[in-house]
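Okay, so here's the structure we're looking at.
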Amino acid sequence: MKRVITYGTFDLLHYGHINLLKRAKSLGDYLIVGLSTNEFNLIKRKICYFSYEERKKLVESIRYVDLVIPEYSWEQKIEDIKEYKVDIFVMGEDWKGKFDFLQEFCKVVYLPRTPEVSTSKIKKDLSKNADFSQVVCD
Ligand code: C2G
């Protein structure tokens, strides 16, 4: 059983996140997601639309995800890798090089991002184009 781990905020879940999680899972058999807590997001200077519990519910419902654990600090990765017997650590390539120190404990893989979508772009587009608020999507 090859165990994979990745970390993120996954706010306003979109297909860029799904692409990453799908490819991460394809590298192994079991995918763990370290989901940033609201408090850790403040450290990352990110203000989330959805709370940790709401984001956890969304990420847990993704077929590629086997376990969601809280990410509450930058420093917990080594402990997580040991505790969950992780074989592969995966992040989008916007983090390329930042986690190479984990190579001592497991394989480190950076995957291409989905370039055209991001949570911040969604927020910007929605705030810029008020017409969206008129469209009934539900
Ligand atoms: N991602 C992607 N394509 C996008 C947007 C995001 O591949 N269009 C990837 C990111 O590279 C990351 C993951 O999806 O690997 C989650 O993205 P974020 O929620 O923005 O995570 P981030 O804030 O980068 O947190 O300790 C690591 C941090 O918690 C990472």
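Note that ligands are numbered from 1 as they come in the structure, with each ligand's atoms numbered from 1 the same way. Values below: all heavy atoms of this structure, side chains included; hydrogens, waters and symmetry mates excluded.
- Within 6.0 Å of atom NZ in K123, more than 12 heavy atoms from other residues, nucleotides or ligands are found, so the atom counts as buried in its surroundings.
- Residue K44 qualifies as enclosed at atom NZ: its count of foreign heavy atoms under 6.0 Å is above 12.
- The local environment of OH in Y49 is sparse, with at most 12 non-hydrogen atoms from other residues, nucleotides or ligands closer than 6.0 Å.
- Because its NZ or CZ atom is both nearer than 6.0 Å to the ring centre of Y7 and within 45° of the ring axis, K77 counts as a cation-pi partner of that residue.
- Pairing each heavy atom of T37 with each of P70, the nearest pair is CG2-CB, 3.9 Å.
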Using a cut-off of under 3.5 Å, which N/O atoms of ligand 1 pair up with protein N/O atoms, and what distance separates each pair?
unit_1: ligand 1; atom_1: 3 (N); unit_2: T114; atom_2: N; d: 3.2
unit_1: ligand 1; atom_1: 8 (N); unit_2: T114; atom_2: O; d: 2.7
unit_1: ligand 1; atom_1: 8 (N); unit_2: V117; atom_2: O; d: 2.5
unit_1: ligand 1; atom_1: 11 (O); unit_2: D94; atom_2: OD1; d: 2.7
unit_1: ligand 1; atom_1: 15 (O); unit_2: G92; atom_2: N; d: 2.9
unit_1: ligand 1; atom_1: 19 (O); unit_2: T9; atom_2: N; d: 3.0
unit_1: ligand 1; atom_1: 19 (O); unit_2: F10; atom_2: N; d: 2.8
unit_1: ligand 1; atom_1: 20 (O); unit_2: K46; atom_2: NZ; d: 2.9
unit_1: ligand 1; atom_1: 21 (O); unit_2: T9; atom_2: N; d: 3.4
unit_1: ligand 1; atom_1: 23 (O); unit_2: K44; atom_2: NZ; d: 3.2
unit_1: ligand 1; atom_1: 23 (O); unit_2: K46; atom_2: NZ; d: 2.6
unit_1: ligand 1; atom_1: 24 (O); unit_2: W95; atom_2: NE1; d: 2.8
unit_1: ligand 1; atom_1: 25 (O); unit_2: K44; atom_2: NZ; d: 2.9
unit_1: ligand 1; atom_1: 26 (O); unit_2: E71; atom_2: OE2; d: 2.5
unit_1: ligand 1; atom_1: 26 (O); unit_2: K77; atom_2: NZ; d: 2.8
unit_1: ligand 1; atom_1: 29 (O); unit_2: S36; atom_2: OG; d: 3.4
unit_1: ligand 1; atom_1: 29 (O); unit_2: K44; atom_2: NZ; d: 2.9
unit_1: ligand 1; atom_1: 29 (O); unit_2: E71; atom_2: OE1; d: 2.6
unit_1: ligand 1; atom_1: 29 (O); unit_2: E71; atom_2: OE2; d: 3.3

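- More than 12 heavy atoms of other residues, nucleotides or ligands shown are found within 6.0 angstrom of CD on E116.
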